[in-house]
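Okay, so here's the structure we're looking at.
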Amino acid sequence: MHLDINGLITQYGYLALLIGCIAEGETFTLLGGVAAHEGLLHFSGVVLAAMVGGIIGDQLLFWLGRRYGTRILRRFSKHQETIGKAKRLIQKHPSLFVIGVRFMYGFRIVGPIIIGTSRLKPLRFFILNVVGAALWALIFVSLGYFAGQIVAPWLHKIDQHLKPLLWLAAAVIFGIVLRYIIRHWNHRRAG
């Protein structure tokens, strides 16, 4: 049996990217950019899938913060000072914070929850979330695309029998990372 990894990426790549960007993001957008460079996916489709996944993820976290935010944020007892700084930033510069939160290390998940606890109107959050997701997706997919220019010549020199094994290894690593993220997320929710 021959496993066609490129065919799987072509067939399910956008959906996998969208789902991956709901939970995490940067890794998926970078890999999507590489896949676009290799011609497995269309650049605009990768940007759109990453953007939609990012929007959905942040909207869910915003509404989670709106409903249970105070309770959730109390569990981050070691990070109360950082949470306080974030809340002050939201009050002073709500638009910049919402657009930029996905670029801030450590705030990808908790940022929209914090925003949900603020008094920011849901429609305003949605509009700013769309703008932020569009910028984020375009930047990270582009970075992946240009990284593909560096990686692609190396990949094309690899023996054709080894290339499917590398794609399989990448898929296995992807699965392990995704499993870790889901477990970590569930542990935090339960903890």
Side-chain angles (χ1 to χ4, degrees), residues 14-33 43-147 174 177-178 180-191:
Y14 299 111
L15 179 61
L17 183 62
L18 187 142
I19 292 169
C21 288
I22 289 173
E24 198 265 332
E26 284 77 15
T27 304
F28 294 95
T29 55
L30 291 169
L31 289 174
F43 183 85
S44 57
V46 172
V47 171
L48 186 62
M51 180 180 155
V52 170
I55 291 168
I56 291 169
D58 284 5
Q59 286 301 134
L60 292 171
L61 291 169
F62 173 81
W63 287 105
L64 186 68
R66 200 87 167 162
R67 177 90 170 124
Y68 304 105
T70 307
R71 217 177 323 168
I72 292 169
L73 294 178
R74 273 192 225 126
R75 294 182 180 199
F76 293 96
S77 57
K78 296 178 187 174
H79 305 286
Q80 290 305 312
E81 185 178 327
T82 305
I83 291 169
K85 286 179 185 177
K87 286 181 177 182
R88 288 189 293 280
L89 275 171
I90 293 167
Q91 296 303 318
K92 287 182 182 178
H93 309 286
S95 298
L96 288 175
F97 190 85
V98 172
I99 291 170
V101 74
R102 68 184 71 245
F103 296 98
M104 297 179 203
Y105 180 76
F107 277 93
R108 178 75 176 98
I109 303 291
V110 76
I113 294 173
I114 295 170
I115 296 166
T117 64
S118 74
R119 293 198 170 110
L120 193 66
K121 299 213 180 307
L123 180 60
R124 184 171 182 194
F125 175 77
F126 176 74
I127 292 168
L128 294 170
N129 186 24
V130 169
V131 171
L135 290 170
W136 171 80
L138 186 60
I139 289 169
F140 279 93
V141 171
S142 296
L143 287 172
Y145 187 87
F146 292 117
F174 169 79
V177 169
L178 184 61
Y180 171 78
I181 291 168
I182 291 169
R183 278 188 172 180
H184 183 71
W185 174 253
N186 287 336
H187 177 72
R188 277 197 156 167
R189 286 184 29 205

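Below, all heavy atoms of this structure are taken into account, side chains as well, without hydrogens, waters or symmetry copies.
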As an exercise, state the distance from CD of Gln59 to CG of Leu64, rounded to the nearest 0.5 Å.
12.5 Å

Residue pair Gly65 / Thr117: nearest heavy atoms and the distance that separates them
O-CG2, 3.5 Å

List the atom of Gly45, the atom of Tyr14, and the distance in Å for their closest heavy-atom pair.
C-CE2, 3.5 Å

Per the side-chain contact (heavy atoms from CB on, under 4.5 Å) rule, which among Leu31, Leu30, Val47, Leu17 passes with Val141?
Val47

Is the closest side-chain heavy-atom distance between Arg74 and Thr70 below 4.5 Å?
yes

Quick one, Arg102 and Leu135 - any side-chain contact, counting heavy atoms below 4.5 Å?
no

As an exercise, state the distance from CD1 of Ile113 to CD1 of Ile83, rounded to the nearest 0.5 Å.
9.5 Å

Using only atom types and a distance under 3.5 Å, with no angle test, would you say the side chain of Glu26 pairs donor to acceptor with the backbone of Phe103?
no

How about Phe126: does its CZ atom have over 12 heavy atoms from other parts shown lying under 6.0 Å from it?
no

Could you state the interatomic distance from CG (Leu123) to CG (Leu128), rounded to the nearest 0.5 Å?
9.5 Å

Looking at every heavy atom in both Ala133 and Ile55, which two are closest together, and how far apart are they?
CB-CG1, 3.5 Å

For Phe28, enumerate each residue passing the ring pair (Phe, Tyr, Trp, His ring centres under 6.0 Å) test, keeping only those at least two apart in sequence or located in another chain.
Phe174

Given side chains that start at C-beta, do those of Ser118 and Gln91 come closer than 4.5 Å, heavy atoms only?
yes

Taking every heavy atom of Arg66 against every heavy atom of Arg119, the minimum-distance pair comes out as NH1-C, 4.4 Å

Criterion side-chain contact (heavy atoms from CB on, under 4.5 Å) on Leu89 and Lys85, from CA distance to verdict
CA-CA 6 Å; Leu89 275 171; Lys85 286 179 185 177; 5.6 Å; no

Can you find a heavy atom in the side chain of Ser95 that is under 4.5 Å from one in the side chain of Arg124?
yes

Side chain to side chain, Val110 and Leu73, heavy atoms closer than 4.5 Å
yes

Grab the two heavy atoms, one from Ile114 and one from Ala86, that are nearest each other, plus how far apart they are.
CD1-CB, 4.0 Å

Any side-chain heavy atom of Phe125 sitting closer than 4.5 Å to one from Pro94?
no

Flag the pair Phe62 / Asn129 as yes when at least one side-chain heavy-atom distance between them is below 4.5 Å, and no otherwise.
no

Value rounded to 0.5 Å, distance of CD1 in Ile56 from CD1 in Ile22:
4.5 Å

side-chain contact (heavy atoms from CB on, under 4.5 Å) between Thr29 and Trp136: does it pass, once the steps are laid out?
CA-CA 9 Å; Thr29 55; Trp136 171 80; 3.7 Å; yes

